[in-house]
Every structure is written in structure tokens, then in C-alpha cells.
Amino acid sequence: MKIAIASDHGGLNLREEIKVLMDEMGIEYEDFGCECETSVDYPDYALPVAEKVANGEFDKGILICGTGIGMSISANKVKGIRCALVHDVFSAKATREHNDSNILAMGERVIGPGLAREIAKVWLSTEFEGGRHANRVGKITAYETK
Ligand code: RB5
């Protein structure tokens, strides 16, 4: 599994935490910024990561900003992306099992690093259940491609 990760300046510290987690889990990833020496614009980081996931270059993505909202709104504009904004462990598991979410968004200003690590860990290690959920995800894909 190969993960594309990025953040804006509001998500810089949490991005580093999640990279440590992925090192511990033995998960391959590439960091797409930001360098964050100044304030940056979240779509400049969300959209390239979303495109890399949508075109199959990466299996999944993780996007972090202050709230996670800007990153999730931006990523979900890209066809094929199901970006879930998650701040609890239950939803992290459910969105993989039910929605087959392929990008996880989190907000560094919303939750602490301990909870964020747990969310990412569960999200990264939970499989899509398929079945009736595949029909529902299929309807989203069909809408995108009509
Ligand atoms: C940056 O100040 C902040 O607006 C951004 O990180 C994010 O929260 C946007 O949704």
C-alpha cells in the first residue's frame, strides 16, 4: 500500500505525527508538502494528492489542515475520490468498511495527536466490506461518470 500525504500550514505538526505512525506500521508513503514556511492555500495540496489517488499512482491519501474541512471539500471535487473527514475512531472504521473512502482528512486544530494516530491506524488497516455497500459506492461512481 502506497500513501500520498500532504497538509497546509495548519496541519504541519499532525502530518509529521502521521508519518511517524506510517513508519511504525511499515507503510510506504510520499510527502507532498507543504514546506509551510508561510501560510499556504489548502487546494494547492489537496488537489494534486487527490489526482494521484484518482489516477492510481497512490492507493490512498491523507490530507490535513486546521479543520480538515478545506482539504476534504477540495479533494472531493476530483472524480473517483471519496474523501472522509474523520475525527473519531468509529467513523474511521465505518468509512473504510462502508464508503471505501480513499482519502482521510483530519484537522490538527480539532483533535489531539493521540486520537489522530488511532484514527489513521484504524483507517489504514480496515478493508472495504463490499456487498450492499459496493452498490451504494457504485451509484456515486455512476453519477460522476454520466
Ligand atoms: C488555515 O488557516 C485554515 O483555514 C485551513 O487550515 C483549514 O482549516 C481550512 O479548511
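All ligand and atom numbering here is 1-based and tracks the order in the structure. All values below come from the heavy atoms of this structure, side chains included, with hydrogens, waters and symmetry mates left out. This chain uses plain numbering: 1 for the first residue, then up along the sequence.
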Exercise. Does the pair Asp23/Lys19 count as a salt bridge with the N-to-O cut at 4.0 Å?
Worked result: no
Problem set entry | N-O pairing of Lys93 and Glu129 below 4.0 Å | no
Residue and atom name of the nearest protein heavy atom (relative to [atom]), distance in Å to one decimal:
| atom | answer |
| --- | --- |
| atom 6 (O) of ligand 1 | Asp8 OD2, 2.6 Å |
| atom 7 (C) of ligand 1 | Cys65 SG, 3.4 Å |
| atom 2 (O) of ligand 1 | Arg109 NH1, 3.3 Å |

Determine yes or no for a side-chain-to-main-chain donor-acceptor pair under 3.5 angstrom, with [X] supplying the side chain and [Y] the backbone.
| X | Y | answer |
| --- | --- | --- |
| Asn55 | Glu57 | yes |
| Arg96 | Ser101 | yes |
| Arg82 | Ile103 | no |

Exercise. Hey, does the Lys NZ or Arg CZ of Lys2 hover above the aromatic six-ring of Phe58, less than 6.0 Å from the centre and inside 45° of the axis?
Worked result: yes
Output yes when the distance from some N or O of ligand 1 to some N or O of [X] is under 3.5 Å, and no in every other case.
| X | value |
| --- | --- |
| Gly70 | yes |
| Tyr42 | no |
| Gly66 | yes |

For this session: Using non-hydrogen atoms of the residue, decide whether Met71 is closer than 4.0 angstrom to ligand 1.
Result: no
For this session: Would you please determine whether His9 falls within less than 4.0 Å of ligand 1 on a heavy-atom basis?
Result: yes
Exercise. Looking at atom 4 (O) of ligand 1, would you say a protein heavy atom lies below 4.0 Å from it?
Worked result: no
Exercise. Roughly how far, to the nearest 0.5 Å, is CG of Asp59 from CG of Leu124?
Worked result: 11.0 Å
Exercise. At a 4.0 Å threshold, what atoms of ligand 1 neighbour a non-hydrogen atom of Thr67?
Worked result: 7 (C), 8 (O), 9 (C), 10 (O)
